[in-house]
Visitor: 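Mind looking over this structure? Questions follow.
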Amino acid sequence: MKAIKLLSFLVFFSYIKCQTLQTSLLHAVLEAGKSKVKMSANVVSVMQNIKSQNYLKENLRDITSIMVAQFLQKSTYEEVQTIVTELLDTVEQCKSLKSPESPLECAHQLMTTFLEYICSNQGMVEKHMFTDCCTTNNTERLECFLSYKKDDMDYREIFQIPKPEQICEMDKENQMSMKAWYGYEISRRHPFLYGPTILTMSACYETAVQTCCQEENKTECLQIKVTLSSKTTQCCEQPEPFRGECIINLENDDKPNLSPLPLRRFTEDQSVCKQFTGKQDSFLEEFLYEYSRRHSELAVPVILRVDTIYRNLLGKCCTLENPWECYSRGNEMFQRVVRESRDRVKNHCGLHEKLGASNFHDRLIVLYTKKAPQLSVQELVVFTKKMADAATKCCPLREEQQFICVEDSAKLILGALCRRHEAEPINAGVGHCCDHSYAFRKPCFDDLQVDGAYLSPSLSCDQVINLKEDLCKAQEEELQIAKQKLLSSLVKQNPYATEMQFQSIIVDFLHLIGMCCHAEKSEKCLQEEGSKLMKKCQSLLED
């Protein structure tokens with residue numbers, strides 16, 4: 001929930017700070033590319049996140065327009081606006097609902113009314129081929145309508161906007177709302193795009209138009225304010241399946257030449273606590289915005305750590321008699337958390353370089369089997385392979401990109417582990433790291449030690465070590481997996497043994513396989529020579 005709340009902070013703060021339009025657009029593409037979740041409706045998400053009655057009153061038409069355009073993608077702008085007007089006439093009471101649940105109630109009411117409206121219009125049903133949907137009940141009807149959304153339109157079309165002179169003339173004569181028109185164009189081409197993101201993009205587009213139409217060089221001004229980052233253009237020209245990965249792997253835009261003064265006020269201004277206690281969320285959103293745009297060299301999780309440090313600092317300092325003396329140390333604390341994060345990545349990559357890819361993977365298996373022994377050996381091998389592969393990809397990069405790459409990769413990999421824990425709890429330590437702080441999840445897992453509460457099922461060495469002849473038929477990758485599973489099993493049996501003890505058994509295991517698989521009678525060799533390995537294993541288990 002903290003991550004969701006933070007996302008909504010970022011999205012709606014950019015509504016106020018329209019200079020971040022390019023970032024908002026890029027974020028929108030990423031979200032659409034990563035997940036086409038068939039939610040009940042975008043409008044539900046909008047209203048669940050925005051509880052303000054004023055917001056609801058001011059934006060109900062825009063919210064409804066997004067919903068209509070995302071479902072009726074073949075409709076013209078004029079048709080969408082007509083439908084919106086008719087819908088709002090039937091759900092006018094949404095604006096006067098008082099209970100805390102009113103936005104959600106209104107969302108469901110609006111959606112039900114909308115689907116009934118479509119199904120009662122035969123021409124509309126035939127145009128959009130919704131005949132089969134309209135014969136189902138309400139729950140199945142929504143799922144049916146969602147299945148007809150098409151998200152395969154050419155993304156570049158969104159930005160084929162009219163010429164600046166034409167836009168300014170339209171705006172001057174109030175021929176149509178620039179915000180509504182732009183929102184319509186985005187919504188119908190991206191039916192799964194998050195509603196608040198569309199509102200943000202549309203509002204910033206309208207602001208850009210109003211600003212640039214006052215400038216002498218309207219064309220240049222609009223091109224600067226509205227187009228995507230030039231680094232993103234190459235990705236938008238790629239086929240749909242490859243755009244998301246391309247954008248994710250892009251380097252950040254060059255850091256703008258920004259004054260440090262707006263950031264200093266968060267640690268030097270005497271009125272910080274007054275602003276913090278007055279409008280806490282808005283104040284912290286502004287800090288996050290100002291800090292983020294000045295630190296494009298940092299990964300998102302690191303910026304969130306700084307944000308968490310600042311939030312906790314003000315929570316403590318603003319209760320003191322002299323708060324300024326307390327929070328004026330903020331910048332020093334920000335630098336420390338960034339430095340510690342960098343040092344962790346340097347150590348991680350230093351170990352990868354020292355051990356090599358295979359041995360580095362083995363080290364991860366030992367570490368994470370100790371942290372989460374409840375996972376099966378198969379799960380541990382797969383999970384740690386993702387971490388090892390990420391290190392192989394990230395560590396050769398130059399320092400700044402290495403830092404971002406490792407942090408972002410860990411965010412995704414540990415996120416998957418936490419989803420596994422949510423589905424089937426692993427242990428208290430993993431639960432703490434997953435739930436306590438999203439920003440500090442990676443450092444928490446880095447520092448997680450042996451789960452002392454875990455009692456491994458007692459196994460004999462012949463149950464732990466497989467010395468069957470079929471190992472001789474295994475491919476190299478299969479043999480590596482067998483070795484890694486053995487290593488994880490040994491750690492489960494005795495997590496306090498030294499790595500040298502574990503590696504001694506692994507080395508002997510591989511040597512035995514290599515020797516016996518070339519022998520004339522490999523099965524006999526494995527049994528006879530394997531007895532020495534079993535004794536070493538038994539010594540480890542009894543240690």
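Every value quoted in this text rests on a predicted model; they were computed, and no experiment measured them.
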Visitor: Grab the two heavy atoms, one from L298 and one from I404, that are nearest each other, plus how far apart they are.
Guide: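 Looking at all heavy atoms of both residues, the closest pair is C-CG1, 4.1 Å.
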Visitor: Taking the side chain as every heavy atom from C-beta outward, state whether C394 and S409 have any atom pair closer than 4.5 Å.
Guide: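 Yes; the side chains approach each other to less than 4.5 Å.
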Visitor: Can you tell me how far apart CG (D435) and NE2 (H421) are? Round to the nearest 0.5 Å.
Guide: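 Between atom CG of D435 and atom NE2 of H421 there are 5.5 Å.
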Visitor: Is the shortest heavy-atom distance from the side chain of Q401 to the side chain of E297 under 4.5 Å?
Guide: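 When only atoms from C-beta onward are counted, E297 and Q401 do not touch, as no gap falls below 4.5 Å.
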Visitor: Should we count NZ of K411 as having more than 12 external heavy atoms under 6.0 Å?
Guide: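 Yes.
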Visitor: Taking the side chain as everything from C-beta on, heavy atoms only, tell me whether R344 gets closer than 4.5 Å to P443.
Guide: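 Yes, at least one pair of side-chain atoms sits under 4.5 Å.
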Visitor: For residues Q280 and R311, determine if any side-chain heavy atom of one lies less than 4.5 Å from a side-chain heavy atom of the other.
Guide: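 In short, these two side chains touch, coming nearer than 4.5 Å.
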Visitor: For a side-chain contact (heavy atoms from CB on, under 4.5 Å) check, start with the C-alpha distance between F383 and L414, then their side-chain angles and the critical distance, and finish with the verdict.
Guide: CA-CA 9 Å; F383 166 70; L414 293 175; 4.1 Å; yes
Visitor: Just jot down the side chain to side chain donor-acceptor pair (under 3.5 Å) partners of D389, sequence neighbours excluded, or say none.
Guide: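 Listed in chain order: K385.
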Visitor: Considering only heavy atoms from C-beta outward, does the side chain of L375 approach that of L417 to under 4.5 Å?
Guide: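 A side-chain contact exists here, since the closest heavy-atom pair is under 4.5 Å.
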Visitor: Provide the closest heavy-atom pair for F403 versus V302 in the form atom of the first, atom of the second, distance.
Guide: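 Looking at all heavy atoms of both residues, the shortest contact is CZ-CG2, 3.6 Å.
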Visitor: List the residues meeting side chain to side chain donor-acceptor pair (under 3.5 Å) with S75, not counting sequence neighbours, and say none if there are none.
Guide: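 Per chain and number, S75 pairs via side chain to side chain donor-acceptor pair (under 3.5 Å) with H128.
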Visitor: Rounded to the nearest 0.5 Å, what's the gap from CD on E116 to CG on N121? Could you check?
Guide: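 Taking CD in E116 and CG in N121, the distance rounds to 13.5 Å.
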Visitor: Kindly write out the residues that satisfy side chain to side chain contact (heavy atoms under 4.5 Å, CB included) with V300, not counting sequence neighbours, or none if the list is empty.
Guide: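 V300 satisfies side chain to side chain contact (heavy atoms under 4.5 Å, CB included) with L304 only.
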Visitor: The test is side-chain contact (heavy atoms from CB on, under 4.5 Å); show your working for H190 and Q70 and say whether it passes.
Guide: CA-CA 7 Å; H190 291 277; Q70 288 188 321; 5.7 Å; no
Visitor: Would C433 and C444 count as a disulfide pair, i.e. SG atoms separated by less than 2.5 Å?
Guide: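 A disulfide is present here, as the SG pair of C433 and C444 is separated by less than 2.5 Å.
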Visitor: How far does CE of M124 sit from SG of C134, to the nearest 0.5 angstrom?
Guide: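 Spacing of CE (M124) from SG (C134) equals 10.5 Å.
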Visitor: Centroid separation under 6.0 Å, is that true for the rings of Y310 and F276?
Guide: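 Judged by ring-centre distance (under 6.0 Å), F276 and Y310 do not meet the cut-off.
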Visitor: With sequence neighbours excluded, tell me which residues meet side chain to side chain donor-acceptor pair (under 3.5 Å) with Q378.
Guide: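 Partners of Q378 under the side chain to side chain donor-acceptor pair (under 3.5 Å) test: K485.
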Visitor: I'd like to know if the two cysteines, C418 and C434, have SG atoms within less than 2.5 Å.
Guide: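 Cysteines C434 and C418 qualify as a disulfide pair, their SG atoms being under 2.5 Å apart.
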Visitor: Looking only at heavy atoms, what is the nearest atom pair of H352 and A357, with distance?
Guide: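 So the minimum-distance heavy-atom pair works out to NE2-CA, 4.1 Å.
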Visitor: With a 3.5 Å distance limit and no angle check, can you tell me whether S120 reaches the backbone of Y117 through a side-chain donor-acceptor pair?
Guide: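 Yes: the side chain of S120 pairs with the backbone of Y117.
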Visitor: Measure the spacing between OG of S65 and CZ of R61 and express it to the nearest 0.5 Å.
Guide: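 Result: 5.5 Å between the selected atoms.
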Visitor: Can you confirm whether or not the ring centre of F266 sits under 6.0 Å from the ring centre of F283?
Guide: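 Yes, they do, as the ring centres are separated by less than 6.0 Å.
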Visitor: What class does the angle between the rings of Y77 and Y184 fall in, given that below 30° is parallel, 30 to 60° is tilted and above 60° is perpendicular?
Guide: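 Ring orientation of Y77 relative to Y184: perpendicular.
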Visitor: How many angstroms lie between atom CD1 of I309 and atom CD of Q335, to the nearest 0.5 angstrom?
Guide: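 Here the interatomic distance stands at 13.0 Å.
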Visitor: Is the Y291-H295 ring centre distance short of 6.0 angstrom?
Guide: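 Yes, close enough.
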Visitor: Out of R265, R293, K279, which residue meets the salt bridge (Lys or Arg N to Asp or Glu O under 4.0 Å) rule with E286?
Guide: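 Output: one option passes, namely R265.
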Visitor: Is F114 close to T64 at the side-chain level, that is, under 4.5 Å between some pair of heavy atoms?
Guide: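 Heavy-atom side-chain distance check fails, nothing below 4.5 Å.
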Visitor: So, for C405 and L397, which heavy atoms are closest and what is the spacing to 0.1 Å?
Guide: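 In this case the closest contact between C405 and L397 is CB-CD1, 3.9 Å.
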Visitor: Who are the salt bridge (Lys or Arg N to Asp or Glu O under 4.0 Å) partners of E340, not counting sequence neighbours?
Guide: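 Checked E340 against salt bridge (Lys or Arg N to Asp or Glu O under 4.0 Å); zero matches.
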Visitor: Verify side-chain contact (heavy atoms from CB on, under 4.5 Å) between F145 and I118, making sure each step is shown before the conclusion.
Guide: CA-CA 10 Å; F145 272 94; I118 295 175; 3.9 Å; yes
Visitor: In terms of side-chain geometry, is the basic nitrogen of K127 or E79 positioned less than 4.0 Å from the acidic oxygen of its partner?
Guide: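 The answer is yes: the pair qualifies as a salt bridge.
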Visitor: I want to check something: taking the side chain as every heavy atom from C-beta on, are Q81 and V68 in contact at a cut-off of under 4.5 Å?
Guide: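 No, their side chains stay 4.5 Å or more apart.
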Visitor: Decide, yes or no, whether a salt bridge links R294 with E290 under the criterion of side-chain N to carboxylate O below 4.0 Å.
Guide: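 Salt bridge between R294 and E290, a charged N being under 4.0 Å from a carboxylate O: yes.
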Visitor: Judged by atom type as modelled, is there a donor-acceptor pair below 3.5 Å linking the side chain of E407 to the main-chain atoms of A299?
Guide: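 Checking the backbone N and O of A299 against the side chain of E407, no donor-acceptor pair under 3.5 Å is found.
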Visitor: Between M67 and L87, what is the shortest heavy-atom contact and its length?
Guide: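 Between these two residues, the closest heavy atoms are CE-CD1, 4.2 Å.
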Visitor: Quick check: do R188 and I66 have side-chain heavy atoms less than 4.5 Å from each other?
Guide: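 The answer is no; the side chains never approach within 4.5 Å.
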Visitor: Have R305 and S437 got a donor and an acceptor in their side chains that come within less than 3.5 Å?
Guide: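 Absent: no donor and acceptor within the cut-off.
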Visitor: Not counting sequence neighbours, which residues clear side chain to side chain donor-acceptor pair (under 3.5 Å) with R420? List them please.
Guide: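 Partners of R420 by the side chain to side chain donor-acceptor pair (under 3.5 Å) criterion, ordered by chain and then number, come out as E379.
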Visitor: Does the C133 SG fall under 2.5 Å from that of C119?
Guide: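 Cystine link not detected, SG atoms outside the 2.5 Å cut.
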Visitor: At their closest point, which heavy atom of S187 faces which heavy atom of G183, and how far apart are they?
Guide: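 Heavy atoms only, the tightest pair is OG-O, 2.6 Å.
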Visitor: Report the C-alpha separation of T267 and F334 in whole Å, then their side-chain angles, then the decisive distance to 0.1 Å, and conclude whether the side-chain contact (heavy atoms from CB on, under 4.5 Å) test is met.
Guide: CA-CA 11 Å; T267 54; F334 304 157; 4.1 Å; yes
Visitor: Would you say Q73's side chain and P191's backbone share a donor-acceptor pair under 3.5 angstrom?
Guide: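 Not confirmed, Q73 side chain does not pair with P191 backbone.
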Visitor: With rounding to the nearest 0.5 angstrom, report the OG1 to CD1 distance, T308 to I303.
Guide: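 Between T308 OG1 and I303 CD1, I get 12.0 Å after rounding to 0.5 Å.
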